Amino acid sequence: MGLRDLLPSILIGAVASARSMTPMATLATARLAGRDTTGHLALLNRPVFKYGALAMGVGELAGDKMKTAPDRTVFLGLLARVMSAGIAGAALAPRGSEKEGAAVAVATAVPLAYATLAVRKQAMARMGQTRSGLIEDALIVAAGAAIVALATQRSST
């Protein structure tokens, strides 16, 4: 197995750097659409996970525009990124390589959280919190959806 095999895991880690719940929401959407991930995680088949992940993803998109929203690099923000990137990275890794997928996703998400925060702060200074957030939302949700769509397959059942 090479780094190329883990590319979806690395990319979903990049998504988690900007929106912690988007990787989980995109995986939940894929599962609801009857798509399977290469990595095996029973958690992804539980309805409470699927609908909870969708709700948390929508909540994060709304909450990010609030003036009181904390930076993504505070402890709880980083913890959410580690958990989301780890689960999503494992799910998108080749079967049997879930641990490696989780590791590369987390290793991507944490340092990039600082970089994406710096870019977002620059954008906020130019165009405001709401507008910059909506643009970031569109880019990150589209990227997450594309990564998961390309890395999953139609269920055979």
Side-chain angles (χ1 to χ4, degrees), residues 1-66 69-113 115-117 120 133-157:
M1 176 187 63
L3 195 57
R4 186 169 187 225
D5 297 320
L6 294 172
L7 187 59
S9 299
I10 293 167
L11 294 174
I12 206 68
V15 167
S17 76
R19 291 290 179 274
S20 62
M21 294 298 116
T22 297
M24 304 310 294
T26 55
L27 283 173
T29 301
R31 283 298 174 108
L32 288 168
R35 299 184 70 84
D36 286 332
T37 57
T38 50
H40 178 70
L41 292 173
L43 171 71
L44 299 176
N45 295 322
R46 304 205 186 287
V48 71
F49 165 81
K50 289 184 240 185
Y51 295 108
L54 287 173
M56 288 172 42
V58 170
E60 180 182 37
L61 295 178
D64 178 65
K65 312 313 169 289
M66 297 171 54
D71 285 346
R72 61 192 73 180
T73 56
V74 300
F75 175 75
L76 289 178
L78 288 176
L79 180 61
R81 280 161 177 71
V82 165
M83 293 171 59
S84 179
I87 293 168
L92 298 180
R95 191 163 300 247
S97 299
E98 290 88 353
K99 288 179 184 176
E100 292 87 349
V104 297
V106 170
T108 302
V110 173
L112 274 183
T116 59
L117 177 61
R120 174 69 187 279
L134 291 171
I135 292 168
E136 187 178 41
D137 287 347
L139 293 171
I140 295 303
V141 170
I147 293 161
V148 171
L150 292 171
T152 59
Q153 55 205 5
R154 281 264 170 227
S155 176
S156 58
T157 57

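Since the structure is predicted, the reported quantities are computational estimates derived from the model, not experimental observations.
- Each salt bridge (charged side-chain N to carboxylate O under 4.0 Å, His left out) pair with one or both residues in residues 69-80, not counting sequence neighbours, appears once here: Asp71-Lys121, Arg72-Glu136.
- Here CZ of Arg35 is found 12.0 Å from OG1 of Thr26. Values are rounded to the nearest 0.5 Å.
- For the atom pair CG of Leu92 and OG1 of Thr38, the computed distance is 6.0 Å after rounding to the nearest 0.5 Å.
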Which atom pairs, one a donor and one an acceptor, fall under 3.5 Å between side chains of residues 78-85 and the rest of the protein, sequence neighbours left out?
unit_1 : atom_1 : unit_2 : atom_2 : d
Arg81  : NE     : Ala16  : O      : 3.1
Arg81  : NE     : Ser17  : O      : 3.0
Arg81  : NH1    : Gly77  : O      : 3.0
Arg81  : NH2    : Ala18  : O      : 3.4
Ser84  : OG     : Ser20  : O      : 2.6

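- Listed here is the closest heavy atom pair of Ala91 and Leu27: CB-CD1, 4.0 Å.
- Pairs of residues two or more places apart, or lying in two chains, never qualify as salt bridge (charged side-chain N to carboxylate O under 4.0 Å, His left out) while including a residue from residues 43-57.
- Listed by first then second residue, pairs satisfying salt bridge (charged side-chain N to carboxylate O under 4.0 Å, His left out) with a partner in residues 141-150 number zero, not counting sequence neighbours.
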For residues 137-151, run the donor-acceptor check on the side chains, cut-off 3.5 Å, and write out each pair with its distance to 0.1 Å, sequence neighbours left out.
unit_1 : atom_1 : unit_2 : atom_2 : d
Asp137 : OD1    : Arg19  : NE     : 2.7
Asp137 : OD1    : Arg19  : NH2    : 2.7
Asp137 : OD1    : Lys65  : NZ     : 3.4
Asp137 : OD2    : Lys65  : NZ     : 2.5

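- Note: Leu61 CG to Met21 CE = 11.0 Å, rounded to the nearest 0.5 Å.
- Between the CE atom of Met24 and the CG atom of Leu54 there is a distance of 10.5 Å, given to the nearest 0.5 Å.
- Of all heavy-atom pairs spanning Ala102 and Gly86, the tightest one is CB-O, 3.3 Å.
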Please tabulate, for side-chain N and O atoms in residues 4-14, each donor-acceptor pair with protein atoms closer than 3.5 Å (sequence neighbours left out).
unit_1 : atom_1 : unit_2 : atom_2 : d
Asp5   : OD2    : Gly2   : N      : 2.9
Ser9   : OG     : Gly89  : O      : 2.6

_Could you go through Arg31 and Thr152, starting from their C-alpha distance and side-chain angles, then the distance that decides it, and tell me whether this counts as side chain to side chain donor-acceptor pair (under 3.5 Å)?_
CA-CA 9 Å; Arg31 283 298 174 108; Thr152 59; over 6 Å; no
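- Under a 3.5 Å cut-off, the side chain of Glu60 and the backbone N or O of Val58 do not form any donor-acceptor pair.
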